[in-house]
Amino acid sequence: MTTEPAAPEPAAAEEAEPQADPSPDGPEAAADGPGGTDSSDPTDSAKSADSTDSTDSADGSEPAAAEGDGTDPGATAEGAAQLSEAEAELAAQRELRERIERRKAEKAGPVSSGAGLSGKAADLLAAVRAVESGEKPPAGAFDGPEPTPRRAAPQPAPQPRPVVPRAPAPMASETVDAVRAVLVGGGAPDTLAVQATATLGEEAETLLREDPWQLLRVPGVRPEQADGFARALLGAECRPDDERRGRAVTVWLLEQAALAGHTALEAPALHAALAQRSVPDPDAALQGALAEGDALVFQDALDEPGTGPAPAPTTPPEDSQAGDQGDKGDEGDEGEEAEQERPVRVLIGLERYALAEESLADGLARVVNTLPKEDASAAGWESAATGSAAELIRAAATHGLVLHTGGEAARAEPAALMSVARSLGLRVCATTHTADGRRRFAALLAAADGKADLAPSNTGVGTADPTGATGAEDSVTVTTVAGLLSGTEGPGRDSDGLLRTDLLVVLDAPQLDVENAAMLAESLPDGARLVLSGDPGVLWSAGPGRVFADLLAARVCPQIASRTPDPGPVGELVSGIGVGELNQVEAPGKEVVIVPVRDAGEAVLRTVQLVADSVPRAIGIPAEQTQVITPGHGGAVGTRALNTALKERLNPGPGRFGGFDPGDRIAHTPSPGRTVTGHVVKADADGLHLECAGTAVVVPKERVEQTVRHGWALTAHQAAGFRWPAVVVVLPGDAAGVLTRPWVYTAFGRAERHLSVVHGVEQALPRAVAEVAAKPRTTRLPALLKAQVPVAG
C-alpha cells in the first residue's frame with residue numbers, strides 16, 4: 001500500500017520514529033467537521049442558541065453513551081426474567097430518595113435567613129418559600145401571571161431496606177398502544193411509545209393530550225420537535241407563550257445542564273437560555289416551574305474577596321433546600337448584619353440533583369463527625385504507618401473522611417491501608433469504577449497482604465471471588481460502584497440498609513457523580529471511615545457534579561498527595577501533562593510513538609494498521625489488548641467510523657444481528673454514563689449475548705441499538721477507569737477545538753506499556769495541554785459542606 005511521500009511508512013510502529021514530543025510540525029490537517037453527539041450546555045446558550053460539543057458532552061463526557069439519538073440508554077437490557085444491573089441501580093436510587101424524603105420530613109420549623117437579599121434574588125426566595133408553605137407565590141415575583149398551586153409533597157417514606165432483586169413489572173401493552181396512537185396523531189415517531197410510557201407512567205396518554213410539551217421529558221426529544229408535536233395536537237391553541245411550554249422548556253434546559261455536569265444553573269444563565277429558546281417571558285416560565293414543583297430555587301452565600309471562606313455554623317441548617325446556609329436567625333444582631341451584607345448567588349435546579357447533593361453533604365458531615373475520638377487501636381495504626389502509605393494510614397487512623405490523590409502506581413497506598421485496617425480487625429471494602437479497575441486493585445491487595453505478614457486467616461486477599469461476593473468474613477471485598485450500590489456485590493447490608501463495613505475505600509473517585517456519591521455516603525454506618533482516592537487530572541464524572549474536585553477545593557478533611565510516580569516513558573509523559581507540560585521523553589523501547597497524519601482518511605488507515613499489524617509485530621501486544629481512543633462518536637474519525645474500519649479488518653462479517661457478529665468487541669451501556677466492555681458471544685431469539693468482564697449479559701433485540709456499540713474505539717470518558725497494555729489515541733484535525741488537558745491526560749494515561757498517537761492537530765495539542773482546563777461545572781456541594789463541616793486546618 002502506498003502513502004504520501006511526506007509521511008512515514010503506513011503506520012508501522014517499528015518504522016515510525018519513536019518521538020518523545022507528541023507535537024511534530026507537519027502538514028496542515030484538513031478539517032473534517034465536528035463529530036459526536038449534540039449535547040447542549042444551557043450555560044452557553046446566551047452566546048449561542050444551539051451550542052453543541054463534538055466530544056461526548058459539553059465537557060467531554062458521554063452522558064448517555066447511546067448510539068442513536070433520542071434514545072434512553074439507561075433502560076434495562078438483561079431480560080425480563082430477573083432484575084438487571086441497571087434496574088438494581090435505579091432501585092438503589094429510589095431507596096436513597098426515600099431516605100432523603102424521610103429525613104427532610106423530620107425537620108421542622110422555618111429558616112429565618114435570606115433577609116439580606118434584594119431585587120430578583122429576594123423575589124425568587126420569597127416565591128419558593130410561599131410554594132413550600134402551600135401558598136401561591138407573589139404575583140410580582142417574576143412579573144408574570146399567577147401560577148397554579150404546587151402539588152402536595154409525597155408522604156415520608158418507610159425505613160429503607162436492602163435492595164432485593166425482583167422482576168420489573170411488565171408494561172401493559174394497551175397503555176403503550178394508546179401512547180403510540182397519540183404520538184402518531186401528533187406526527188411523532190411511534191418508536192417513542194415505550195420510552196414515553198416508561199418516562200411519564202401509566203397516565204402518559206392523558207398527560208400528552210393535555211400537555212403535549214411533556215414529550216420533552218422523553219430523552220432525546222428537543223424543543224423544536226415537541227413544538228411540532230404540540231402544533232399537530234393543539235392546532236390554533238398552540239402558542240409560543242403557552243405556560244406549559246415555558247415550564248417544559250425550563251425543565252428540559254435543566255436536564256441538559258445535568259448532562260453537561262451541572263447540578264444547578266445560576267438564575268441569569270437559565271433566564272438567558274430560556275430567551276434563546278424563544279420563550280417570550282422567561283420570568284413567567286421560571287415562576288410556573290417553581291410553582292409546579294418542577295424546579296427548586298436556592299441562594300448560596302458567596303465569599304467576599306479577601307475574606308476567605310465563611311465560618312461554619314455550630315449546628316447544621318434546618319432546611320438547606322431553601323438555600324439558607326448558616327443563618328440561624330437568633331445569633332444576635334451583629335451576626336444578622338454580617339449575613340445580610342454577604343453576597344449571594346441564586347441557583348435553579350431539579351429536585352433530583354438538589355436532594356442528592358444535600359444528602360451527600362449530610363452524609364459526609366456524619367462520616368466526619370461520628371468517628372470516635374478515642375480509639376484503642378491508635379497504637380496499632382501508628383506502628384503500621386510505614387513506607388509510602390504511612391501518611392495515608394495516619395490520616396485514616398484519626399479522621400472519618402480522607403482524600404488521597406495520585407496516579408495508577410499510587411493505588412498501592414490504599415491497598416496497604418486496607419491491609420493494615422484488616423489486620424486491626426476492621427471490616428474493609430474497596431470499590432472501583434470498572435471491573436477492570438476491580439481486577440487491578442485486587443492484585444495490589446494481594447501484594448500488600450503478602451508484605452504485611454498477616455495471620456494465615458487473613459491471607460485470602462486477591463484470591464477471593466473477583467466479584468466480591470465471598471462469604472468469608474476475614475476476606476477483603478473488592479467491588480464496582482454499580483455492583484456495591486445495586487447489592488449484587490459487596491459485604492451486604494444490615495437491617496437498617498447500611499453497609500457492613502468499617503472502612504470503605506473508593507478508587508477512581510473523580511468518576512463519582514453526585515447521585516452515586518450520595519448513595520455511598522448514606523450507606524455508611526456511623527463511625528465508619530471513608531477514603532476517596534483518585535487522580536485529580538482525569539476527566540470528571542459522566543453524570544452531574546464534580547464531587548472529588550469539590551471536596552478537594554472545600555478542604556474539609558485531610559488531603560494526602562502520593563509521591564509515587566507512574567513508571568516508564570508513558571508515566572513520565574502523562575505526569576508532565578498533568579502539570580500542563582507536553583514534555584519530550586526518552587522511549588528506547590518504542591513505548592511512545594507519534595504517527596503524523598494529514599487528513600481523516602489517512603488517520604483511519606494508520607489507526608487500523610497500528611492495531612492490526614504494527615503494534616502486535618513491533619511491540620508484541622495483540623490486537624485484542626490494544627484500545628483506540630478518539631474525541632467523539634461522529635465525524636470522519638469518530639468512534640463509529642473507526643469501529644467500522646476496525647471490524648472490517650479484525651472481525652469481518654455481515655452483522656446479522658443489529659450490525660454485530662460473534663467475536664465483535666463491544667461497549668455496553670447498562671445505565672447512563674457507565675460503560676462496560678466485552679465481546680459478542682452469539683445472538684438468538686432472546687437477544688444479543690455478550691460477555692462483559694467474565695459476566696454473561698443478554699441484551700434484548702429492541703435495546704441493542706440504544707445500549708451496545710462496537711468497542712474497538714472508545715471515547716476518553718468511556719475509557720476512564722480502564723487500562724490496556726497498548727493504546728492508540730487518535731487526534732484528527734477537527735478535534736483541535738475540543739481538546740482539553742483532562743481529555744489528553746485521561747486518554748494518554750490509559751496505556752500501560754505502549755502509546756501510539758495518530759497526530760493531526762499540530763500545535764493544538766501542546767496548546768490544549770498548557771492552556772485548556774476542564775470546563776467549569778455549577779454545583780452546590782462546596783457551599784453545603786461549609787455549612788456543616790469546619791474547614792480543615
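- Listed here is the closest heavy atom pair of Leu714 and Ala667: CD2-CB, 3.6 Å.
- Residues forming a side-chain hydrogen bond (donor to acceptor under 3.5 Å, both in side chains) with Glu413 (at least two apart in sequence, or on another chain): His404, Ser562, Thr564.
- Residues passing the salt bridge (charged side-chain N to carboxylate O under 4.0 Å, His left out) test with Glu391, sequence neighbours excluded: Arg563.
- A search for side-chain hydrogen bond (donor to acceptor under 3.5 Å, both in side chains) contacts involving Tyr353 returns nothing, not counting sequence neighbours.
- Ion pairing between Arg352 and Glu515 holds under the 4.0 Å rule for side-chain N and carboxylate O.
- Applying the side-chain contact (heavy atoms from CB on, under 4.5 Å) test to Asp566 and every residue at least two apart in sequence or in another chain returns Glu408, Ala409.
- Between Leu347 and Leu265, every side-chain heavy-atom pair lies at or beyond the 4.5 Å cut-off.
- Atom CG in Leu484 sits 11.5 Å away from atom CZ in Arg438 (nearest 0.5 Å).
- Looking at residues two or more places apart in sequence or on another chain, you find a salt bridge (charged side-chain N to carboxylate O under 4.0 Å, His left out) between Asp508 and Arg411.
- One N or O on the side chain of His754 and one on the backbone of Lys590 form a donor-acceptor pair closer than 3.5 Å.
- Remark: aromatic rings of Trp724 and Phe722 are close, center separation under 6.0 Å.
- Side-chain atoms of Asn643 come within 3.5 Å of backbone atoms of Trp712 as a donor-acceptor pair (strictly under, hydrogens ignored).
- Note that CH2 of Trp540 and CZ of Arg777 are 6.5 Å apart. Values are rounded to the nearest 0.5 Å.
- With sequence neighbours excluded, the residues forming a salt bridge (charged side-chain N to carboxylate O under 4.0 Å, His left out) with Asp550 are Arg546, listed by chain and number.
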Please step through side-chain contact (heavy atoms from CB on, under 4.5 Å) for the pair Leu739 and Val772, ending with a clear verdict.
-> CA-CA 8 Å; Leu739 292 180; Val772 187; over 6 Å; no
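- Evaluation of the salt bridge (charged side-chain N to carboxylate O under 4.0 Å, His left out) rule for Arg767 yields no partner, not counting sequence neighbours.
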Would you please test Phe298 and Glu358 for side-chain contact (heavy atoms from CB on, under 4.5 Å) and show each step?
-> CA-CA 12 Å; Phe298 316 93; Glu358 291 172 6; 4.0 Å; yes
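- For Glu255, the side-chain hydrogen bond (donor to acceptor under 3.5 Å, both in side chains) criterion is met by no residue, not counting sequence neighbours.
- Distance CD/Glu591 to OG/Ser756: 11.5 Å, rounded to 0.5 Å.
- The backbone N or O of Pro536 sits nowhere less than 3.5 Å from a side-chain atom of Thr405 that would complete a donor-acceptor pair.
- The line from NE2 of His399 to CD1 of Ile560 is 9.0 Å long, rounded to the nearest 0.5 Å.
- When only modelled atom types and interatomic distance are considered, Ser541 and Gln511 share no side-chain donor-acceptor pair under 3.5 Å.
- A side-chain donor-acceptor contact under 3.5 Å links His262 to the backbone of Thr778.
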Might you work through the side-chain contact (heavy atoms from CB on, under 4.5 Å) test for Val789 and Leu401, ending with a clear yes or no?
-> CA-CA 11 Å; Val789 183; Leu401 176 64; over 6 Å; no
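- By the side-chain hydrogen bond (donor to acceptor under 3.5 Å, both in side chains) test, Thr250 is found to be paired with no residue, residues two or more places apart in sequence or in another chain being considered.
- With rounding to the nearest 0.5 Å, the separation of SG in Cys557 from CG in Leu551 is 6.0 Å.
- Scored by the side-chain contact (heavy atoms from CB on, under 4.5 Å) test, Ala361 finds Leu781, Leu784, Leu785, Gln788 as partners (sequence neighbours excluded).
- For the atom pair Thr639 OG1 and Ile629 CD1, the distance stands at 12.0 Å (nearest 0.5 Å).
- Residue Thr746 comes nearest to Leu539 through the heavy atom pair OG1-N, 2.9 Å, listed as atom of the first residue, atom of the second, then distance.
- Nearest heavy-atom pair across Phe548 and Leu532 is CE1-O, 3.6 Å.
- The side-chain heavy atoms of Leu765 and Leu731, taken from C-beta on, include a pair separated by under 4.5 Å.
- With sequence neighbours left out, the side-chain contact (heavy atoms from CB on, under 4.5 Å) criterion links Glu572 to Val585.
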Steps toward side-chain contact (heavy atoms from CB on, under 4.5 Å) verdict (Leu253, Arg277) = CA-CA 9 Å; Leu253 286 170; Arg277 290 291 172 182; 4.2 Å; yes
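- When atom types are taken as modelled, the side chain of Glu357 and the backbone of Arg780 share a donor-acceptor pair closer than 3.5 angstrom.
- Salt-bridge formation is not detected for the pair Arg723/Asp436: no Lys NZ or Arg NE/NH1/NH2 atom is positioned less than 4.0 Å from an Asp or Glu carboxylate oxygen.
- Residues meeting the side-chain contact (heavy atoms from CB on, under 4.5 Å) test with Val758, sequence neighbours left out: Val597, Ala603, Thr607, Leu610, Val728, Val730.
- Residues Leu642 and Ala713 come closest through the heavy atom pair CB-CB, 3.9 Å.
- No side-chain donor-acceptor contact under 3.5 Å links Thr669 to the backbone of Ser671.
- With a 4.5 Å cut-off on side-chain heavy atoms, Val514 and Thr779 do not count as touching.
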